[in-house]
Amino acid sequence: MSRSFQDPDLLIWEAYATTGAFGASDHAHIIFHCVSDPSRRARYVEQDASLAAAQKRLAKLSTEELRSLLDEAQSLK
């Protein structure tokens, strides 16, 4: 499941929860991908939760909460 939202700069972002390669990571991540500017590097925030818990949290976050998480996110390498 993914969520789309607009940031204050009018960019459209898609957010989704995932785990590490092949599901090996104990902690889920919320990934942010800029749909309106694909040249922007994707960003992530680690969650202290399982994938299912991170997906449930993502479904309940407000747009403001998603923007706040995006501000905290680190660039993917």
Side-chain angles (χ1 to χ4, degrees):
M1 188 203 95
S2 67
R3 298 267 314 271
S4 294
F5 65 98
Q6 191 171 41
D7 72 10
D9 295 325
L10 305 178
L11 295 171
I12 305 296
W13 292 84
E14 178 184 38
Y16 59 92
T18 188
T19 56
F22 309 107
S25 176
D26 290 337
H27 300 288
H29 294 82
I30 294 179
I31 306 292
F32 296 93
H33 173 74
C34 188
V35 177
S36 55
D37 183 1
S39 68
R40 289 185 180 261
R41 188 176 297 268
R43 302 178 63 81
Y44 76 97
V45 175
E46 186 171 324
Q47 301 293 293
D48 190 20
S50 68
L51 177 59
Q55 289 173 332
K56 186 175 181 179
R57 178 176 184 221
L58 183 60
K60 293 182 178 185
L61 290 173
S62 69
T63 300
E64 286 303 317
E65 291 168 323
L66 284 168
R67 289 176 182 163
S68 178
L69 275 181
L70 177 62
D71 289 341
E72 297 172 22
Q74 302 175 39
S75 289
L76 284 175
K77 295 178 183 178

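All of these numbers come straight from a predicted model, not from anything done at the bench.
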**Student:** What I'd like to find out is whether the side chain of Leu66 reaches to under 4.5 Å of the side chain of Leu58, using heavy atoms alone.
**Tutor:**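 Leu66 reaches Leu58 side chain to side chain.
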**Student:** Which residues pass the side chain to side chain contact (heavy atoms under 4.5 Å, CB included) test with Ala54, not counting sequence neighbours?
**Tutor:**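 Side chain to side chain contact (heavy atoms under 4.5 Å, CB included) check on Ala54 returns Ala17, Ala28, Gln47.
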**Student:** With a 4.5 Å heavy-atom cut-off, do Glu46 and His27 have their side chains touching?
**Tutor:**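 Yes, their side chains come closer than 4.5 Å.
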**Student:** Drop me the distance from Arg43's CZ to Leu70's CG, to the nearest 0.5 angstrom.
**Tutor:**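 If I round to the nearest 0.5 Å, the distance is 6.0 Å.
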**Student:** Under the 3.5 angstrom rule, does the side chain of Asp9 hit a backbone N or O of Leu11 as a donor-acceptor pair?
**Tutor:**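 Answer holds: no.
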**Student:** Only counting residues at least two apart or in another chain, list the ones meeting side chain to side chain contact (heavy atoms under 4.5 Å, CB included) with Ser39.
**Tutor:**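 Scan of Ser39 (side chain to side chain contact (heavy atoms under 4.5 Å, CB included), adjacent residues dropped) gives Asp37.
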**Student:** Got a sec, which residues hit side chain to side chain donor-acceptor pair (under 3.5 Å) with Glu14, two or more places apart in sequence or on another chain?
**Tutor:**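 Side chain to side chain donor-acceptor pair (under 3.5 Å) list for Glu14, sorted by chain: Ser2.
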**Student:** Under a 4.5 Å cut-off applied to non-hydrogen side-chain atoms, are Arg57 and Leu69 in contact?
**Tutor:**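 In contact.
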**Student:** Looking at Arg41 and Ser75, what are the two nearest heavy atoms and their distance?
**Tutor:**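 Heavy atoms only, the tightest pair is CD-CB, 3.6 Å.
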**Student:** I'd like to check the side chain to side chain contact (heavy atoms under 4.5 Å, CB included) partners of Gln74; sequence neighbours left out, ordered by chain and number.
**Tutor:**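 Applying side chain to side chain contact (heavy atoms under 4.5 Å, CB included) to Gln74 gives Tyr44.
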**Student:** Counting C-beta onward and ignoring hydrogens, is there a side-chain heavy-atom pair between Arg40 and Trp13 closer than 4.5 Å?
**Tutor:**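 The answer is yes, as the side chains (C-beta and beyond) meet within the 4.5 Å cut-off.
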**Student:** With sequence neighbours left out, what residues match Arg3 under salt bridge (charged side-chain N to carboxylate O under 4.0 Å, His left out)?
**Tutor:**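 For Arg3, no residue satisfies salt bridge (charged side-chain N to carboxylate O under 4.0 Å, His left out) once neighbours in sequence are set aside.
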**Student:** Under the rule for side chain to side chain contact (heavy atoms under 4.5 Å, CB included), what residues qualify as partners of Asp71, not counting sequence neighbours?
**Tutor:**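 Partners of Asp71 by the side chain to side chain contact (heavy atoms under 4.5 Å, CB included) criterion come out as none, since no residue qualifies.
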